[in-house]
Amino acid sequence: MNRLNGKTVIITGGAGGIGRAGTELFTAEGARVIIADISEKAGRETAAATGAEFVKCDVSRSEDVRRVIDAADGKLDVLYNNAGVYWNGRDGRITDIEEDVWEKIIAINLRSVFLFCKYGLPLLMKNGGSIVNTASSAGMIGIPDCDAYTATKGAIVQLTKSMAAEYGRYNVRVNCISPAAIMTPMMRQSNPENSTFDEERFLKLRTPLRRYGTPEEIAKVALFLASDEASYLNGAVIAADGGITINGDLSKC
Ligand SMILES: NC(=O)c1ccc[n+]([C@@H]2O[C@H](COP(=O)([O-])OP(=O)(O)OC[C@H]3O[C@@H](n4cnc5c(N)ncnc54)[C@H](O)[C@@H]3O)[C@@H](O)[C@H]2O)c1
């Protein structure tokens, strides 16, 4: 119950999906949680329900990010970079993506991590801390038709490693969660009912555990990485996907 007692945590995208589960779990574990989310309604509602604080923020905008860091009042122990977008239909293969869509996805998914780390690290380095980044199976293997998304997630995996190598000496650990098929609003939007996605087939043939993951299951991994229980984990990329990414059995697909 008290694994984050006395810790100040920023969770980007902490008002929806996986981030909301993180806000619920981290506050229950005693943390002061600051939600940085673009959705004012969900942000206020989540803050009221959990006791977290909410700062409206577009994570791709430097001035918004600095406002969130300021809200930490000079003390930050955990930075959970969770916010991200998957724009079904607008993202796609390189030859089809509009330039402005590419730029926006890179800004929301990747520039955000750069900005939060750039402005958060001076606080984290004061007393040591933990950065938890969010990649995806799309950052580990090739997935067609979402090239901007995969580019950001692959970059986050590498950024995790280079930051871990650099900031370990300041007792800041940098690790990454790589989820797949977690049932959230993003997951539902990425496979709309009128798409060619065959859910039954996907669950039977692609997912070794034969089910979607839950936001709470990812929040528990984030809690572990954020807490002192993971004190010797640095630069780790944890696939939290029920085995989807390592499943080489495509024979029946
Ligand atoms: N759901 C999955 O299966 C899955 C798989 C792999 C990786 N991920 C990653 O996990 C993370 C969370 O995904 P999710 O499924 O919970 O998504 P979601 O869409 O359900 O929730 C995302 C949250 O981020 C917020 N957000 C979106 N754009 C923002 C912006 N510009 N500024 C601030 N906040 C913004 C939204 O308001 C929302 O609260 C993402 O980085 C995603 O890429 C999810």
Side-chain angles (χ1 to χ4, degrees), residues 10-25 33-47 49-50 52 54-65 67-68 80-88 90-91 101 103-113 115-116 132-141 143 146 148-157 159-160 176-192 197 199 202-203 206-207 209 211-219 221-222 237-242 244-245:
I10 290 173
I11 304 183
T12 71
I18 294 167
R20 162 121 191 186
T23 300
E24 289 169 359
L25 185 59
V33 174
I34 301 167
I35 299 167
D37 203 292
I38 201 164
S39 168
E40 186 146 15
K41 185 168 178 284
R44 289 197 185 289
E45 196 274 311
T46 306
T50 59
F54 169 62
V55 179
K56 186 172 185 216
C57 165
D58 177 344
V59 293
S60 67
R61 292 167 53 96
S62 181
E63 57 270 39
D64 287 16
V65 172
R67 218 154 17 86
V68 178
Y80 180 9
N81 288 310
N82 160 79
V85 290
Y86 176 93
W87 284 349
N88 185 51
R90 296 168 76 195
D91 198 351
V101 171
E103 300 295 345
K104 279 182 191 146
I105 294 171
I106 300 289
I108 296 168
N109 288 8
L110 181 59
R111 184 165 193 264
S112 61
V113 178
L115 289 171
F116 269 98
V132 180
N133 289 329
T134 305
S136 163
S137 54
M140 319 273 276
I141 55 174
I143 297 183
C146 54
Y149 185 79
T150 60
T152 63
K153 295 304 183 178
I156 288 168
V157 168
L159 187 56
T160 297
C176 181
I177 306 174
S178 180
I182 309 304
M183 190 39 79
T184 65
M186 175 189 280
M187 181 73 203
R188 282 186 284 273
Q189 282 156 19
S190 63
N191 298 301
F197 178 64
E199 184 173 40
F202 173 73
L203 287 175
R206 199 72 193 97
T207 63
L209 292 180
R211 66 171 177 85
Y212 291 108
T214 66
E216 291 74 23
E217 286 175 306
I218 302 303
V221 181
V237 180
I238 299 185
D241 63 359
I244 290 173
T245 310

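Every number for a ligand or one of its atoms is a count from 1 in the order of the listing. Computed from a predicted structure; not experimentally measured.
- Taking each heavy atom of Ile177 and Ala240 in turn, the nearest pair found is CG2-CB, 3.9 Å.
- For atom 26 (N) of ligand 1, the closest non-hydrogen atom of the protein is Ile38 CG2, 4.0 Å.
- Ligand 1 lies nowhere less than 4.0 angstrom from a heavy atom belonging to Met183.
- Ligand 1 has a nitrogen or oxygen under 3.5 angstrom from a nitrogen or oxygen of Lys153.
- The backbone N or O of Ala36 lies less than 3.5 Å from no partner atom in the side chain of Thr12, so there is not a single donor-acceptor pair.
- Of the options Asp64, Thr134, Val85, the smallest heavy-atom separation from atom 28 (N) of ligand 1 is shown by Val85.
- Neither the backbone nor the side chain of Ser60 comes within contact range of ligand 1; no heavy atom lies under 4.0 Å.
- Within the 4.5 Å cutoff, the side chain of Glu199 has heavy atoms near those of the Leu203 side chain.
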Please report the C-alpha distance between Glu40 and Arg44 in whole Å, then the side-chain angles of each, then the deciding distance to 0.1 Å, and finally whether the salt bridge (Lys or Arg N to Asp or Glu O under 4.0 Å) criterion is met. CA-CA 6 Å; Glu40 186 146 15; Arg44 289 197 185 289; 2.9 Å; yes
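- Close contacts between ligand 1 and Gly13 involve ligand atoms 23 (C), 24 (O), 25 (C), 39 (O) [criterion: under 4.0 Å to a heavy atom].
- With atom 25 (C) of ligand 1 as the reference point, the heavy atom nearest to it among Asp37, Ile35, Asp58 is part of Asp37.
- Protein heavy atom nearest atom 3 (O) of ligand 1, with residue, atom name and distance: Ile182 N, 2.7 Å.
- Not a single heavy atom of Gly14 sits closer than 4.0 Å to an atom of ligand 1.
- The contact set between ligand 1 and Ala83, taken as ligand atoms under 4.0 Å from a residue heavy atom, comprises 41 (O).
- Between the side chain of Lys153 and the backbone N or O of Thr134 there is at least one donor-acceptor pair closer than 3.5 Å.
- At least one heavy atom of Tyr149 sits under 4.0 Å from some atom of ligand 1.
- Remark: ligand 1 atoms within the under-4.0 Å shell around heavy atoms of Ala15 are 39 (O).
- Looking from atom 14 (P) of ligand 1 to the surrounding protein, the closest heavy atom is Thr184 OG1, 3.6 Å.
- For ligand 1, one of its N or O atoms has an N or O atom of Gly16 under 3.5 Å away.
- Residues Tyr149 and Ile105 come closest through the heavy atom pair N-CG2, 4.1 Å.
- The shortest non-hydrogen separation linking Gly14 to Thr46 is O-CG2, 3.8 Å.
- Two residues are said to be in side-chain contact when any heavy atoms from C-beta on lie closer than 4.5 Å; Ile35 and Ile11 fail this criterion.
- For Pro179, the closest heavy-atom approach to ligand 1 falls below 4.0 Å.
- Between Cys57 and ligand 1 there is a heavy-atom distance shorter than 4.0 Å.
- Contact atoms of ligand 1 toward Asn82: 11 (C), 12 (C), 40 (C), 41 (O) (distance under 4.0 Å to a heavy atom of the residue).
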Run the side chain to side chain contact (heavy atoms under 4.5 Å, CB included) check on Val59 and Asp64 step by step: do they pass? CA-CA 7 Å; Val59 293; Asp64 287 16; over 6 Å; no
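- Of the protein's non-hydrogen atoms, Met186 CB, 3.3 Å is the one closest to atom 17 (O) of ligand 1.
- Annotation for ligand 1: atoms under 4.0 Å from non-hydrogen atoms of Gly84 are 40 (C), 41 (O).
- Between Ile18 and ligand 1, at least one N/O pair is under 3.5 Å apart.
- The closest donor-acceptor contact from the side chain of Asn109 to the backbone of Thr152 lies at 3.5 Å or more, if one exists at all.
- Looking only at distances, no side-chain donor or acceptor of Asp37 sits under 3.5 Å from a matching main-chain atom of Gly43.
- Looking at atom 32 (N) of ligand 1, its nearest protein heavy atom turns out to be Val59 N, 3.0 Å.
- By the 4.5 Å heavy-atom criterion applied to side chains, Phe202 and Tyr212 are counted as neighbours.
- Within the 4.5 Å cutoff, the side chain of Ser178 has no heavy atoms near those of the Val157 side chain.
- Near Ala181, with a cut-off below 4.0 Å to any heavy atom, the atoms of ligand 1 are 3 (O).
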